[in-house]
Amino acid sequence: RFRIDSSGRFLVGRTSATKNAQVQIPIISSKGCVRRCDFCDVPSQFKKFQSKNGKRMAEEMLHLAKKYNTQKFTMADSIANGNLKALIEFAGIIAKHNRNAPDSEKIKWSSNWIHRPVGQLTEAAFKLIAESGAEHFTVGAEHFSDNVLKSMGKKTNMAGLVHELSLFRKYGVQCSINQIIGHWSETYDDFMEHIDHLIKLGPYFTNDTITSIKAHLFSSITNLASQP
């Protein structure tokens with residue numbers, strides 16, 4: 001199913017990005033990014049990645065939940081998992097809150113997300129993140145060819161994405177996938193590899209792990225990360 005959102009992006013998938021969509025309070029855990037992808041302008045806006053520690057982030061979220069009587073949050077960061085140590089500390093505190101709270105007071109949150117190579121995010125850590133109320137990630141996958149990912153400067157690979165998607169499915173976290181179309185490094189073989197992986201990801205669409213794919217055109221206008 002294809003559609004175009006209000007900003008002109010092409011979307012593939014269902015019209016709803018998350019299950020049980022409600023108004024969410026924006027909250028910021030970090031600024032900047034730990035990657036310098038060649039299509040992204042975040043490094044030109046924030047020269048250095050900075051993040052709150054996990055305890056402060058958890059306390060802020062619980063304070064806002066109580067003050068505004070809502071439990072739905074969206075992390076308005078470029079990425080929420082740039083500092084895994086802080087994220088896991090935050091998740092431990094919120095997961096403990098959720099285990100002891102009635103359903104009406106359990107925290108739920110969504111965020112932008114980078115997928116990492118296998119081994120950087122353990123299943124135990126992700127289980128804790130899911131228990132803290134993570135329900136939807138917008139994943140900057142960008143491409144399904146390892147060659148293109150390397151040229152982009154993503155510092156990850158398809159094995160890492162598939163590994164994390166399996167964790168999303170196991171622990172009930174949904175995601176949408178960002179894609180870059182027309183990257184300068186893409187060859188015909190890269191494109192066919194991309195399509196092959198897309199087909200293999202079909203089960204993640206049918207079980208609602210992946211709710212949509214958002215496609216963005218690559219251009220020199222967006223290629224700001226490499227500029228001084």
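These numbers were taken from a predicted model, which means no experiment stands behind them.
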Next item on the list: Report yes or no: does N81 contribute a side-chain atom to a donor-acceptor pair with the main-chain N or O of I114 at less than 3.5 Å?
Entry: yes
Notebook entry, point to check: Should L198 and I210 be regarded as members of a common hydrophobic cluster, given that ILVMFWY residues are connected when their side-chain heavy atoms come within less than 4.5 Å of each other, either directly or indirectly?
Noted result: yes
Checklist line | Sole residue of L201, V162, D190, I195 in side chain to side chain contact (heavy atoms under 4.5 Å, CB included) with F144 | finding: L201
Checklist line | Any side-chain heavy-atom pair of D208 and Q174 under 4.5 Å | finding: yes
Checklist line | Heavy-atom donor-acceptor pair, T211 side chain to C175 backbone, under 3.5 Å | finding: yes
Next item on the list: Decide yes or no for N178 and I213: does some side-chain heavy atom of the first lie under 4.5 Å from some side-chain heavy atom of the second?
Entry: no
Margin query: Does any part of the side chain of M75, heavy atoms only, come nearer than 4.5 Å to the side chain of N112, both counted from C-beta?
Written below: no
Next item on the list: Say whether, by atom type as modelled, one donor and one acceptor occur between the side chain of K52 and the main chain of I28 under 3.5 angstrom.
Entry: yes
Next item on the list: Could you give me the CA-CA distance, side-chain angles and deciding distance for H216 and Q179, then say whether side chain to side chain contact (heavy atoms under 4.5 Å, CB included) is met?
Entry: CA-CA 6 Å; H216 309 261; Q179 296 275 269; 5.9 Å; no
Item checked: K108 side chain to Q71 backbone, donor-acceptor under 3.5 Å -> no
Notebook entry, point to check: Is any side-chain heavy atom of K214 less than 4.5 Å from a side-chain heavy atom of S212?
Noted result: yes
Notebook entry, point to check: Between I93 and G54, which heavy-atom pair has the shortest distance, and what is it?
Noted result: CD1-O, 4.4 Å
Check: Should F73 and M61 be marked as a side chain to side chain contact (heavy atoms under 4.5 Å, CB included) after you check the CA-CA gap, both sets of side-chain angles, and the distance that decides it?
Finding: CA-CA 8 Å; F73 293 87; M61 187 174 283; 3.5 Å; yes
Notebook entry, point to check: F168 and F126: aromatic ring centres closer than 6.0 Å?
Noted result: yes
Note to self: Main chain of R56, side chain of N53: is a donor-acceptor contact present, judged purely on distance under 3.5 Å?
What the structure shows: yes
Note to self: A quick test of your reading: do over 12 heavy atoms of other residues, nucleotides or ligands sit less than 6.0 Å from NZ of K106?
What the structure shows: yes
Check: Considering all heavy atoms of both residues, which atom of G82 and which atom of V34 are nearest to each other, and what is their separation?
Finding: O-CG1, 3.6 Å
Item checked: Hydrophobic cluster identity match, Y68 and M57, side-chain contacts under 4.5 Å -> yes
Notebook entry, point to check: Is the W109 to F137 ring centre distance short of 6.0 Å?
Noted result: yes
Margin query: Would you say that more than 12 heavy atoms from the other residues, nucleotides or ligands in this model lie under 6.0 Å from the CZ of F191, or not?
Written below: no
Next item on the list: Assess whether side chain to side chain contact (heavy atoms under 4.5 Å, CB included) is satisfied between F90 and E60, documenting all intermediate values.
Entry: CA-CA 10 Å; F90 155 82; E60 184 177 340; over 6 Å; no
Next item on the list: Show the numbers, then the answer: is there a side-chain hydrogen bond (donor to acceptor under 3.5 Å, both in side chains) between S110 and E135?
Entry: CA-CA 6 Å; S110 60; E135 59 178 358; 5.8 Å; no
Checklist line | Expected output: side-chain S111 to main-chain A80 donor-acceptor under 3.5 Å | finding: no
Notebook entry, point to check: Got a sec, which pairs hit side-chain hydrogen bond (donor to acceptor under 3.5 Å, both in side chains) with one end in residues 84-101, sequence neighbours left out?
Noted result: R99-E131
Margin query: Please check this pair: side chain of T209 against backbone of F205, looking for a donor-acceptor N/O pair closer than 3.5 Å.
Written below: no
Next item on the list: Mark yes or no for whether N157, through its side chain, and G160, through its backbone, hold a donor-acceptor pair below 3.5 Å.
Entry: yes
Next item on the list: Flag the pair T74 / I25 as yes when at least one side-chain heavy-atom distance between them is below 4.5 Å, and no otherwise.
Entry: no
Notebook entry, point to check: Would you say the side-chain atoms of S30 pair up with the backbone N or O of I79, donor to acceptor, closer than 3.5 Å?
Noted result: yes
Notebook entry, point to check: Does D196 come within less than 4.0 Å of K200, counting only side-chain N to carboxylate O?
Noted result: yes
Margin query: Please determine whether side chain to side chain contact (heavy atoms under 4.5 Å, CB included) holds for the pair S145 and E186, giving the CA-CA distance in whole Å, both sets of side-chain angles, and the decisive distance to 0.1 Å.
Written below: CA-CA 9 Å; S145 162; E186 184 183 57; over 6 Å; no
Next item on the list: Using the side-chain hydrogen bond (donor to acceptor under 3.5 Å, both in side chains) rule, collect all pairs that involve residues 161-172, keeping only residues at least two apart or in two chains.
Entry: W113-E164, E123-K170, E123-Y171
Check: Taking the six-membered ring for Trp, are H194 and H143 ring centroids under 6.0 Å apart?
Finding: yes
Checklist line | Non-hydrogen side-chain atoms of D77 and K31 separated by less than 4.5 Å | finding: no
